[in-house]
Amino acid sequence: MSVLDYLMTEPMPLRRALKYLLARTEIGSFSFRYRLEAVRRMHYAFILLEGARLASRLGLERISALEFGVAGGSGLRWMERHAAEIEKLYPVRIDIYGFDTGGGLPAPKDYRDLPYHWREGFFAMDRPALERSLSRAKLVFGDVAETSRTFFEQFDPAPIAAVAHDLDFYSSTHDALWLFKQDSRFLLPRLFCYFDDTIGTHRELYNDFTGERLAIAEFNREMDDRKIAVPHYLRAREGWGSWRHQIWVCHSFDHPQYNQFISDEDQQLPLVS
Ligand SMILES: C[S@@+](CC[C@H](N)C(=O)[O-])C[C@H]1O[C@@H](n2cnc3c(N)ncnc32)[C@H](O)[C@@H]1O
């Protein structure tokens, strides 16, 4: 995008440029910049911070954050950085797990995986380099259709609070969402999710009938007690970036802690105005 395009199409170009500068220079504390939306890879910061905030309100000391689709690990490294900052704000330890085949995209299964946009083998990774670059995240290699089935048994993870979905395909996202259908002890009652492939461009034309959006829609049709829902307050937040349209929250109405009070005690309105 040229500078002219940017100035003519961005509704608040100066404000956005300021945020960009703050995020790049990291001037000010993490929480100060988070409030201003001046944090790089804000979507990861958002799901991790909201997950940790909810966990601390619920009295949990440890949570898990997952990324489905790791590739070179750029996203996972940002999750590690943000988790370290967020652990200073809330008394919650964040364990991070990254899922990937290790060999890039599998073959698309049918039109729902958008073969007009994706090809088998895209996003191949350098596994030793990835492993060297990570400080705390654990990698779960294999097709998510299998690794999602053995994850709880193999890792005995803390309840899942935040998930970044970046598997690109309908079929892979559908398989990953199997975890969201399991016993509520493995999940937070409201689980913060980022779905990367839900906006795209004129090429992908993401919609509710293919790709990640179809996986969300099917989950909601299938599950009575759990719904992956839009956080409307965030969508309404004018001036924040487009990532806020890629956030959903999985509500588990059947979770024993779903109804636990976590809001402000003092919500009394003046009796006489
Ligand atoms: C776009 S890349 C992820 C990029 C990464 N999140 C980042 O921030 O750099 C998508 C990844 O999903 C992985 N993937 C897709 N389908 C998968 C499946 N069924 N099982 C495991 N990994 C899968 C691919 O191997 C690929 O590395």
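Quick caveat, the model's predicted, so the values are computed rather than measured. One-based numbering, in listed order, for ligands and for the atoms of each.
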Could you tell me which atoms of ligand 1, counted from 1 in the order shown, lie closer than 4.0 angstrom to a heavy atom of [X]?
| X | value |
| --- | --- |
| Glu67 | 6 (N) |
| Ala71 | 2 (S), 3 (C), 4 (C), 27 (O) |
| Thr101 | 17 (C), 18 (C), 20 (N), 21 (C), 22 (N), 23 (C), 25 (O) |
| Asp143 | 18 (C), 19 (N), 20 (N) |
| Leu105 | 15 (C), 24 (C), 25 (O) |

Note the single closest protein heavy atom to [atom], along with its residue, its atom name and the distance in Å.
| atom | result |
| --- | --- |
| atom 8 (O) of ligand 1 | Gly75 N, 3.3 Å |
| atom 16 (N) of ligand 1 | Ser172 OG, 2.9 Å |
| atom 27 (O) of ligand 1 | Asp100 OD2, 2.7 Å |
| atom 9 (O) of ligand 1 | Val70 O, 3.8 Å |
| atom 1 (C) of ligand 1 | Asp168 OD2, 3.3 Å |
| atom 20 (N) of ligand 1 | Val144 N, 2.9 Å |

Q) Between Phe219 and Phe180, how do the two ring planes meet: parallel, tilted or perpendicular, split at 30° and 60°? A)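 Taking Phe180 first and then Phe219, their aromatic rings stand perpendicular (interplane angle over 60°).
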**Q.** For atom 3 (C) of ligand 1, the option (of Asp175, Leu167, Asp196, Asp166) bearing the nearest heavy atom
**A.** Asp166
Below 4.0 Å from any atom of ligand 1, is there a heavy atom belonging to [X]?
| X | value |
| --- | --- |
| Tyr44 | yes |
| Gly104 | yes |
| Gly142 | yes |

Q. Any salt bridge between Glu265 and Arg57, counting N to O under 4.0 Å?
A.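 No salt bridge links Glu265 with Arg57.
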(Q) Assess whether a salt bridge exists between Arg112 and Glu212, defined as any Lys/Arg side-chain N lying under 4.0 Å from an Asp/Glu carboxylate O. (A) no
Could you tell me whether the side chain of [X] and the main chain of [Y] form a donor-acceptor pair under 3.5 Å?
| X | Y | value |
| --- | --- | --- |
| Asp225 | Phe253 | no |
| Arg244 | Leu234 | yes |
| Asp95 | Ser64 | no |

Q) Taking heavy atoms and a distance under 4.0 Å, where does Ala145 meet ligand 1: side chain, backbone, both or neither? A)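 Neither part.
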Q. For the side-chain contact (heavy atoms from CB on, under 4.5 Å) test, which of Phe99, Tyr97, Tyr44 pairs with Glu67?
A.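 Exactly one option meets the side-chain contact (heavy atoms from CB on, under 4.5 Å) with Glu67, and it is Tyr44.
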Q. Between Trp240 and Arg237, is there a cation-pi geometry (under 6.0 Å to ring centre, at most 45° from the normal)?
A.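 The answer is yes, since Arg237 meets both limits relative to Trp240.
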Q: Would you verify whether the NZ or CZ of Arg235 falls within 45 degrees of the ring axis of Trp248 while also being under 6.0 Å from that six-membered ring's centre?
A: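 Output yes; distance and angle both within limits.
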Q: Answer yes or no: is there a side-chain heavy-atom contact under 4.5 Å between Tyr194 and Val163?
A: no
Q.
Considering both backbone and side-chain atoms of Gly69, is one of its nitrogen or oxygen atoms within less than 3.5 Å of a nitrogen or oxygen in ligand 1?
A.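 Between Gly69 and ligand 1, an N or O pair is found under 3.5 Å apart.
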Q: Can you sort out the partners of Ser2 under side chain to side chain contact (heavy atoms under 4.5 Å, CB included), two or more places apart, ordered by chain and number?
A: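 Once residues adjacent in sequence are excluded, the partners of Ser2 under the side chain to side chain contact (heavy atoms under 4.5 Å, CB included) criterion are Leu4, Asp5.
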